[in-house]
Protein chains: 2
Amino acid sequence: MATLRDVAREAGVSVATASRAINGLGNVTAPTKAAVMAAVKKLNFVPHSGARSLTRRKTDTVGVILPDLFGEFFSEIIRGIDLVAHEAGMHLLLGNMHGSTHETATAIASMRGRVDGLLVMPPDLKPELLADYLDPALPTVFLNYDAGSLDLPFVAVDNYHGAYAMTEALLGRGARQVVHIAGPKHNRDARDRQRGFVDAMAKVGGVRNPAILPGDFSEESGVKAAQLLIEGQLPADAVFAANDQMAVGLIAGLAEAGKSVPGDIMVAGFDDIPLARHLSPSLSTMQVHIDRLGSTAMMMLLRVLRGETLGAASATILTPALIARGTTATSQEAFAQP
Amino acid sequence: MATLRDVAREAGVSVATASRAINGLGNVTAPTKAAVMAAVKKLNFVPHSGARSLTRRKTDTVGVILPDLFGEFFSEIIRGIDLVAHEAGMHLLLGNMHGSTHETATAIASMRGRVDGLLVMPPDLKPELLADYLDPALPTVFLNYDAGSLDLPFVAVDNYHGAYAMTEALLGRGARQVVHIAGPKHNRDARDRQRGFVDAMAKVGGVRNPAILPGDFSEESGVKAAQLLIEGQLPADAVFAANDQMAVGLIAGLAEAGKSVPGDIMVAGFDDIPLARHLSPSLSTMQVHIDRLGSTAMMMLLRVLRGETLGAASATILTPALIARGTTATSQEAFAQP
DNA sequence: TTCGCTTGTGTAACCGGTTACCATAGCGAG
DNA sequence: CTCGCTATGGTAACCGGTTACACAAGCGAA
């Protein structure tokens, strides 16, 4: 591997001159610069970024810490981040916390000196726990997370109002007995969606304690919910699942039991995963632009890195949009658009 | 930020002793080590990895260069890589070549000094072009790519035999006129699948020049293929799309035209994306364990990094499995299992 | 007591690139 | 011809951790 000293020797100049020529810092005459560049080409010199980060005190890299890397959700987030990062000439260092607090601490620690900033998406953990591990000097933006007591910028989805709107829509289509399938207990997204559902049922539907079935965001838990619904003889004319995966399982379970969707029971999900539009009937859901979650967070981080103060922009809330499809079609609509 | 010198001063020892204590290199008495560790805790010291990589000449990071980050395919690959990398305590540095040769060169160059090894997935490019940019001293494994003339280890999917098997299966189910929807012209996966199809048609079906429609792996190109098929009045009793995405579009297009699947026309895809099993009828396809593509490549890279010679294991071919589902069901099967 | 050995600790050079500061050459003005 | 300025380039310290080597202390053996 060629070093800067090699280049300098080859070009017949000092390391300082070579460095200046390469970085275009002026104080170098055209012929000198040309000689240096020729040497660079000849030796195939590429600056060693480890050494560079020592003196420059920046790495042109951002660390991304996600709870898991499974499924389209995370792939879309990474894509959104990469889109913006690439534009700004930054690299992405991936860290996986694999769900545990200890892993998260390790992941954050191991990024010291490797990154200029951090994007963190803590799914279940309390922010207070994370605070101990975060380096206050390292710019950090939270993904899909209300930073709460921590004074850090974040991007989040308005799960509460999304769930509220969907519940309202179901009621508006004539449903009286709407059942909710909840997500993991400690997941904030899941809790907010449940709150939105409960509040809408109370205020719009006039129902005090609506039925709620347990779930964990997995397809299997949707199937189980369908069984509970049928065997428990729970009266229901609509089911609102806390995410699309569960809605998919639910529909399969209902079909198994001979129930028709939306004829007997309407179904709605949340997220608008690509699969949703391809089901038959297609799944009504709340559309979350997952990639924007990533790109927005990355843009915020870039601004912090540039030294700008975010002010009011330090909290960005993305509002999901209601997508009405086949699983909530009324009989008229079903005839009009099979 | 606390440095090693700070820790040494705090513990009342020299930097050398502090370093040895932290890295557990022996030659340090228990009380001395305890004092150092106490200082580490107190100052919240984390070694600066940039500085470390200078002397150690390793970074515990592997670079991953992908053509794009879109869709489940890449997400699965990254997940597979991460699974193995995490186990080995390695980090992932993501690079996106965004399709162009120039970008690829930049991505590879910018990883100099940042990574110990490289995983590269070149979709369309010729290996000869890449060779100029690859550092021979940097261990590299190709993903989903036959390294060809380059003497580098790789993991690939046996697209040819997969396509051959699927075509054979379609013919075995009574199809006579099978049409293929091809992938992008310069994509090697697509070309191999097309070759497998053509050869199977000739050898098993006795058909010399089977009909082939153009496509580009996108859902839309599947829809277009359906239109071409109908409007061109191309006789067909089965369609084999080069990937699942196009099969999905194709099915939608056929439904639009009033054709029933598999009644009028059987359909098959390739990849087994998660969506495949959820379609109705469910999509028959060749199952590729995409995550294994990533994890296998990562395991190979780890072995190279440990100094092992791969020998025969330097070329790993993953064989896809045929998954027969609803879109290729014969009428008897359709009655038996609706 | 002194020599020799083991064991623990310190000093300083080094990895590769950056940059503050200094030295020199070249030029015009006086 | 000398002075003084600027443009250009060189020297060396530094970023933070690692490690070869030197050194000192402690112990047993002669």
Side-chain angles (χ1 to χ4, degrees), chain A residues 1-40 43-61 109-116 135 137-138, chain B residues 1-40 43-61 109-116 135 137-138:
Chain A
M1 272 308 94
T3 73
L4 185 62
R5 263 116 181 139
D6 298 331
V7 172
R9 194 180 317 118
E10 175 75 25
V13 298
S14 73
V15 286
T17 305
S19 176
R20 280 188 291 252
I22 289 169
N23 295 304
L25 292 181
N27 273 7
V28 182
T29 52
T32 307
K33 178 164 183 174
V36 172
M37 294 322 267
V40 166
L43 299 177
N44 214 337
F45 170 78
V46 181
H48 187 289
S49 43
R52 219 171 218 191
S53 76
L54 260 186
T55 45
R56 288 210 173 162
R57 292 161 168 289
K58 57 187 287 249
T59 60
D60 293 326
T61 303
S110 71
M111 289 208 169
R112 148 100 206 267
R114 285 176 198 274
V115 299
D116 297 336
D135 180 346
L138 194 64
Chain B
M1 269 309 96
T3 73
L4 185 62
R5 265 121 180 130
D6 297 332
V7 172
R9 195 180 316 120
E10 175 74 27
V13 298
S14 73
V15 286
T17 304
S19 176
R20 280 188 291 254
I22 289 169
N23 295 304
L25 292 182
N27 274 4
V28 181
T29 51
T32 308
K33 179 163 183 173
V36 172
M37 295 321 269
V40 165
L43 299 177
N44 214 337
F45 169 78
V46 181
H48 187 287
S49 43
R52 221 173 214 188
S53 78
L54 259 186
T55 46
R56 288 210 174 163
R57 293 161 165 286
K58 55 186 288 243
T59 60
D60 294 327
T61 303
S110 71
M111 288 203 171
R112 150 100 205 269
R114 285 177 198 275
V115 300
D116 297 336
D135 181 347
L138 194 64

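Reminder, nothing fancy here: chain letters follow the sequence lines and each chain counts from 1.
Distances shown here put a side-chain N or O of A:T17 below 4.0 Å from the OP1 or OP2 atom of D:dG10. Proximity of A:R20 to the phosphate of C:dT18: no side-chain N or O atom is located under 4.0 Å from OP1 or OP2.
Residue-level contact check: B:T32 touches the backbone only, with heavy atoms under 4.0 Å from sugar-phosphate atoms and none from bases. As judged by a 4.0 angstrom heavy-atom cut-off over every strand, A:R57 is placed among residues touching the sugar-phosphate backbone only. Within the nucleic acid shown, B:T29 comes within 4.0 Å of sugar-phosphate atoms alone, with no base atom in reach, counting heavy atoms only.
Of the inter-residue distances, the one linking B:R52 atom CZ with A:L54 atom CG reads 13.0 Å to the nearest 0.5 angstrom. Taken to the nearest 0.5 Å, the CZ atom of A:R20 stands 10.5 Å off from the OG1 atom of A:T32. Here the straight-line distance linking atom CG of B:L4 with atom CZ of B:R9 works out to 10.5 Å at 0.5 Å rounding. Note that CZ of A:R114 and OG1 of B:T59 are 6.5 Å apart. Values are rounded to the nearest 0.5 Å. A distance of 10.5 Å separates CZ in A:F45 from CZ in A:R5, rounded to the nearest 0.5 Å.
Minimum atom distance to the side chain of A:L54 is reached by D:dG16, of the listed D:dT19, C:dT19, D:dG16.
In this structure, the CZ atom of B:R114 is 17 Å from the C1' atom of C:dC15, given to the nearest Å. Atom P of nucleotide D:dG17 and atom CG of B:D60 are separated by 16 Å, given to the nearest angstrom. B:H48 places its NE2 atom 19 Å from the P atom of C:dC15, with the value rounded to the nearest Å. Taking atom CG of residue A:L25 and atom C1' of nucleotide D:dG10, one finds them 16 Å apart after rounding to whole Å.
Taking for each of A:A18 and B:R56 the nucleotide of DNA chain D with the nearest heavy atom, the 5'-most of the two is the partner of A:A18.
No donor-acceptor distance shorter than 3.5 angstrom exists from the side chain of B:S14 to the backbone of B:A8, with no hydrogens or angles considered. Remark: the backbone N or O of B:L25 is not paired with any side-chain donor or acceptor of B:N23 at under 3.5 angstrom.
Near DNA chain C, meaning a heavy atom under 4.0 Å away, the residues from residues 3-16 of chain A are A:T3, A:L4, A:R5, A:A16.
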